[in-house]
Amino acid sequence: MTNKKYKIISAIVIIITIIGYEGCTLRKKVMYKISTHLPEHNLNAAQIAEDLDYLVSMNEKINPYPYLFCNKQEIDSTVKVIKKINSLPPIEFYKKIRLLTSLYNVPHFEAEFPEDTYDAYKENKGKLFSYKIMLKNNIPEIVSLSTCEKNKEIEKGDQIVSINGISSQDLITKFRTYYAGLTAWKNSCIEAKFTKLLWLEGIHSPFALQIINSKKETKTIIDEGCNGSTINTTAESTGISEMIAYEQINDSVSYINFKSMAPVVTAEKFKEELDKLFQQIKMKNSKLLFIDISENSGGSDRYGNILIKYFNDKKMVDHTSKQWWVSQEAKDSYRNMIPWYARWVVFKFFLPIEDYLKSTNNTFMKYSDSSTNDTIYPGINENRYMGKTYLITGGHTFSAAMGLADKVRFNNLAIVLGNNTGENTNDLGEMVWIRLPNSGIVCSMPTALFIGCNGNKDQISPVIPHIKIDLDNMYFSNKREKINFLLTQIK
């Protein structure tokens, strides 16, 4: 063995050892880098102006079409108004940034939540609203009771008319201004983050809840809330279980909950899990398969393309165009996100952007022949399911998950049912993250424009199901209850 080869192999062994040692903390390090960390001091006028200018400038450099879905004059006017403020607490500036990014009307462009400030409030025994809600006609309805000591006066189905004297409808209207995109997507975000949004608005315990119960009685209930440390204490799933789960509903019905397309495992590992999963489905000889992406907010579309090959044997049209803008700022963001010793592995197997990093700046990326081919061939798959398949969509079906729904719907690979997706088939995506220099606010920004399967760049529409069932306005205590309900709707 030559000395050069020995050095190369030794370096690889060292890197693999470091990655193996750091594997459990690598994700935490990445999440920390793309999270908002607010300073303790107020921001002065100069700092506010610098952060605003940086945000606007970076979006113009990174985003191929920065003003595609918005009015530039409205953006400029809003920036001008904020710049007139002499001093702001960091949390108030964060809210201004959320309002500003929402005006661009691009869901992938938003300020990341200040988790550490929120966590500090919880650790200081701050009490939080602890009921799961669903929006019905702009009114929050309680669908799950508190996780701590229960308030016996509050029941499932109670509608919250106001909180601490503030109209619920006014609150929901305000919360929607923090999000861009379709109303269905905004509503799903509000439902998922209602507790955090109340905290953000300074609505704290005790909570004076004016409610209307199932008997149409109106009353005011004082709820102390829960200690923050008692909320969401269940262990989070990790790895492949974070992405996908399988359940056999009965002898003839199988259910797959495709929860996320985040690149937490390699494509090969994902295939291995699907092989095992679909082998079980074949052994059960199921007549119906439900694949649920109604709560899937996206990630990498390659996982969706892999899954399709397990229930489809026909060639299919992929999205017809991806205009990926190459910039040094986006490249720097990718590199800054990942520790140096893990970049090769991450960019090779988890976030395959090697070609992007090598591409010429300030141009659209030129793809290889295989990358520009808009047809996907299923190939041979001995574990493929050939029974009747349903794909469940909803307002939280977003980004790469919306892309999966678009492919299935356009190519008629399965019967799509549920609600419209929370994103249009033509939209900006492929995010990077930038940090504002003074406030520590991190914003996601899109680098590419995707055109849906129909190839019509002027058609702005979500994926519309074959069978519309308003699941977004229904609450099910478990997935089995949800599928049993759907079985009554498709007979």
Side-chain angles (χ1 to χ4, degrees), residues 35-38 40 89-95 98 111-179 186-236 295 396 473 475-478:
S35 297
T36 289
H37 304 290
L38 299 176
E40 296 181 0
I91 197 71
E92 293 302 318
F93 184 59
Y94 169 78
K95 290 194 281 186
R98 283 209 71 107
E112 300 294 340
F113 193 79
E115 295 289 351
D116 53 356
T117 309
Y118 178 68
D119 289 342
Y121 176 83
K122 291 195 295 183
E123 290 167 9
N124 198 34
K125 297 184 179 180
K127 292 191 174 182
L128 299 167
F129 184 86
S130 60
Y131 299 92
K132 182 175 176 58
I133 63 99
M134 177 178 286
L135 294 180
K136 292 192 175 179
N137 298 318
N138 292 334
I139 298 292
E141 181 176 301
I142 294 173
V143 295
S144 180
L145 296 178
S146 173
T147 54
C148 63
E149 186 176 350
K150 292 180 174 56
N151 189 323
K152 295 180 181 179
E153 295 183 89
I154 297 178
E155 298 178 346
K156 290 181 182 179
D158 286 350
Q159 293 188 325
I160 303 172
V161 178
S162 69
I163 304 177
N164 291 2
I166 305 172
S167 160
S168 292
Q169 289 191 331
D170 289 345
L171 278 175
I172 299 306
T173 300
K174 177 66 179 294
F175 292 163
R176 285 201 186 108
T177 65
Y178 290 146
Y179 296 95
K186 293 180 180 183
N187 287 350
S188 68
C189 290
I190 291 169
E191 290 171 347
K193 300 174 182 178
F194 193 68
T195 293
K196 288 183 176 181
L197 291 168
L198 289 176
W199 169 82
L200 184 63
E201 286 302 303
I203 300 174
H204 297 154
S205 170
F207 301 102
L209 307 177
Q210 186 181 20
I211 66 168
I212 299 176
N213 62 21
S214 58
K215 297 177 182 178
K216 303 301 180 184
E217 299 170 334
T218 300
K219 55 183 177 178
T220 298
I221 297 171
I222 305 300
D223 189 85
E224 293 297 327
C226 286
N227 287 333
S229 58
T230 67
I231 295 178
N232 298 327
T233 54
T234 53
E236 292 185 6
E295 299 171 5
H396 207 74
N473 281 313
Y475 179 75
F476 302 97
S477 57
N478 55 58

My understanding is that only residues two or more places apart in sequence, or in another chain, count here; which of them pass side-chain contact (heavy atoms from CB on, under 4.5 Å) with E40? none

Begin with the C-alpha distance, continue with both residues' side-chain angles, and end with the deciding distance and a verdict on side-chain contact (heavy atoms from CB on, under 4.5 Å) for I142 and E155. CA-CA 7 Å; I142 294 173; E155 298 178 346; over 6 Å; no

Could you pull out every donor-acceptor pair under 3.5 Å between side chains of residues 201-210 and any protein atom, sequence neighbours left out?
residue: E201; atom: OE1; partner: K174; partner atom: NZ; Å: 3.2
residue: E201; atom: OE2; partner: Y178; partner atom: OH; Å: 2.4
residue: S205; atom: OG; partner: E224; partner atom: O; Å: 2.5
residue: Q210; atom: OE1; partner: S162; partner atom: OG; Å: 3.3

L128 vs Y121 side-chain heavy atoms within contact, under 4.5 Å: yes

Residue pair D116 / S35, side-chain heavy-atom distance below 4.5 Å: no

Under the criterion side-chain contact (heavy atoms from CB on, under 4.5 Å), I'd like the reasoning laid out for L171 against L197: C-alpha separation, chi angles, the key distance, then a yes or no. CA-CA 9 Å; L171 278 175; L197 291 168; over 6 Å; no

Flag for Y131-D223: side-chain donor and acceptor within less than 3.5 Å: yes

Separation between [atom1] of [X] and [atom2] of [Y], rounded to the nearest 0.5 Å:
X    : Y    : atom1 : atom2 : result
I221 : I154 : CD1   : CD1   : 5.0 Å
H396 : E191 : NE2   : CD    : 10.0 Å
L200 : K196 : CG    : NZ    : 11.0 Å

Salt bridge (charged side-chain N to carboxylate O under 4.0 Å, His left out) for K122 and E115? Distances and angles first, verdict last. CA-CA 10 Å; K122 291 195 295 183; E115 295 289 351; over 6 Å; no

Which heavy-atom pair separates [X] from [Y] by the least distance, and what is that distance?
X    : Y    : value
K156 : L145 : N-CD2, 3.9 Å
S214 : D158 : N-OD1, 4.2 Å
F194 : I163 : CZ-CD1, 3.9 Å
Y179 : K186 : O-CE, 3.0 Å
A111 : Y94  : O-OH, 3.4 Å

Please answer whether the main-chain N or O of F129 pairs with a side-chain N or O of T195 as donor and acceptor at a distance below 3.5 Å. yes

Any side-chain to backbone donor/acceptor pair from N213 onto K215? Under 3.5 Å, distance only. yes

If you look only at distance, which donor and acceptor atoms sit under 3.5 Å apart when one is on a side chain in residues 132-140 and the other is two or more places apart or in another chain?
residue: K136; atom: NZ; partner: E141; partner atom: OE2; Å: 3.4
residue: N138; atom: OD1; partner: R176; partner atom: NH1; Å: 3.3
residue: N138; atom: OD1; partner: R176; partner atom: NH2; Å: 2.5

Face-on cation placement of K193 at F113 ring, 6.0 Å and 45° thresholds: no

Output, in order, the C-alpha distance, side-chain angles, deciding distance and verdict of side-chain contact (heavy atoms from CB on, under 4.5 Å) for T36 and Y118. CA-CA 11 Å; T36 289; Y118 178 68; over 6 Å; no

